[in-house]
Novice: 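Take this structure, written in structure tokens, and hold onto it; I'll ask about it next.
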Amino acid sequence: QVQLVESGGGLVQAGGSLRLSCAASGRTSSTYAMGWFRQAPGKEREFVAAIAWRAIAWSGDRTYYAESMKGRFAISRDNAKNTVYLQMNNLKPEDTAVYYCAARSRYCSGNGCNLAGEYEYWGQGTQVTVSS
């Protein structure tokens, strides 16, 4: 199994930036895609970004974003550290939510990476609060 631990959340002013980290441990060799989801109070969990890979080379990674995050958020991976990052820029109050890291055991592409039910492993979440 895979264990995921998120970190990097906190309080930031609108327009600021945060970088979330998700450290994976366990059977990480069986993981081929990781994603970020978020859930705001009173709302359903929504897809944020995903990264999928087939090759070891960095150029082999594929990234996908929800439309509202494009141009502001960037997902990346450090294979040596078994860690995925979510760089969040130009944060807005509506970005306030608990952010969850997730992993899946099968490669995905495009819209196939945005379904929470396809991810087998989840972290406990980290709170991101954006003030006006």
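Residues: numbered from 1 along the sequence shown. This is a predicted model, so every value here is computed, not measured.
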Novice: Do the non-hydrogen side-chain atoms of Val98 and Phe37 ever get within less than 4.5 Å of each other?
Specialist: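 Of all side-chain heavy-atom pairs linking Phe37 with Val98, none is under 4.5 Å.
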Novice: Would you name the heavy atoms of Val2 and Ala24 that are closest together and state the gap between them?
Specialist: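 Taking Val2 first and Ala24 second, the nearest heavy atoms are CG1-CB, 4.3 Å.
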Novice: Roughly how far, to the nearest 0.5 Å, is the OH atom of Tyr119 from the OG atom of Ser105?
Specialist: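 If I round to the nearest 0.5 Å, the distance is 11.5 Å.
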Novice: Grab the two heavy atoms, one from Arg104 and one from Arg106, that are nearest each other, plus how far apart they are.
Specialist: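 Closest pair (atom of Arg104, atom of Arg106, distance): NE-O, 2.9 Å.
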Novice: Report yes or no: do Tyr99 and Arg38 form a side-chain donor-acceptor pair below 3.5 Å?
Specialist: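 A pair is found: one side chain offers a donor N or O, the other an acceptor, under 3.5 Å apart.
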Novice: To the nearest 0.5 angstrom, please state how far the NZ atom of Lys92 sits from the OG atom of Ser132.
Specialist: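 Going from NZ on Lys92 over to OG on Ser132, the span is 12.5 Å.
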Novice: Within the structure provided, determine whether Cys101 and Trp122 are in side-chain contact (heavy-atom separation under 4.5 Å).
Specialist: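 Not touching, per the 4.5 Å side-chain cut-off.
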Novice: Do Arg27 and Tyr121 come within less than 4.5 Å of each other through their side chains, counting heavy atoms only?
Specialist: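 No, side chains not in contact.
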Novice: Are Leu4 and Tyr100 side-chain neighbours, meaning at least one heavy-atom pair lies under 4.5 Å?
Specialist: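 They are not in contact (no side-chain heavy atoms under 4.5 Å apart), so the answer is no.
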Novice: Can you name the nearest heavy-atom pair linking Leu18 to Leu91, along with the distance?
Specialist: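 Closest approach of Leu18 to Leu91: N-CD1, 3.9 Å.
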Novice: Is it true that, when you exclude Glu44 itself, more than 12 heavy atoms of the residues, nucleotides or ligands shown sit nearer than 6.0 Å to its CD?
Specialist: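 Check fails, neighbour count at 12 or below.
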Novice: Mind checking whether Leu20 and Glu6 have side chains closer than 4.5 Å, heavy atoms only?
Specialist: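 They are not in contact (no side-chain heavy atoms under 4.5 Å apart), so the answer is no.
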Novice: How long is the gap from CG on Leu86 to OG on Ser21, to the nearest 0.5 Å?
Specialist: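 Leu86 atom CG to Ser21 atom OG measures 9.5 Å (nearest 0.5 Å).
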Novice: How long is the gap from CZ on Phe47 to OH on Tyr65, to the nearest 0.5 Å?
Specialist: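 The OH atom of Tyr65 is 9.0 Å from CZ of Phe47, to the nearest 0.5 Å.
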Novice: What is the distance from atom CH2 of Trp53 to atom CG of Asn79, rounded to the nearest 0.5 Å?
Specialist: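 One gets 8.0 Å once the value is rounded to the nearest 0.5 Å.
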Novice: More than 12 heavy atoms of other residues, nucleotides or ligands under 6.0 Å from CD of Gln13: yes or no?
Specialist: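 Count not over threshold, so no.
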Novice: Tell me, do Val12 and Met88 make a side-chain contact under 4.5 Å, heavy atoms counted?
Specialist: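 Heavy-atom side-chain distance check fails, nothing below 4.5 Å.
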Novice: If you define the side chain from C-beta out and look only at heavy atoms, does anything of Thr96 sit under 4.5 Å from Gln127?
Specialist: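 Yes, at least one pair of side-chain atoms sits under 4.5 Å.
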Novice: Given side-chain contact (heavy atoms from CB on, under 4.5 Å), test Val5 with Gln3 step by step and report yes or no.
Specialist: CA-CA 7 Å; Val5 179; Gln3 295 80 44; 5.7 Å; no
Novice: To check you understand the geometry: which heavy-atom pair defines the closest contact between Cys108 and Ala33, and what is its length?
Specialist: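 Heavy atoms only, the tightest pair is SG-CB, 3.8 Å.
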Novice: Is any side-chain heavy atom of Arg77 closer than 4.5 Å to a side-chain heavy atom of Asp61?
Specialist: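 Arg77 vs Asp61: side chains touch.
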Novice: Once you round to the nearest 0.5 Å, how far does CD of Glu46 lie from CE of Met69?
Specialist: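 Here the rounded value is 4.5 Å.
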Novice: Which atoms form the tightest heavy-atom contact between Met34 and Ile75, and what is the distance?
Specialist: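 That would be O-CD1, 4.0 Å.
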Novice: Does Arg19 make a cation-pi contact with Tyr85 (under 6.0 Å, within 45 degrees of the axis)?
Specialist: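 Yes, a cation-pi geometry holds between Arg19 and Tyr85.
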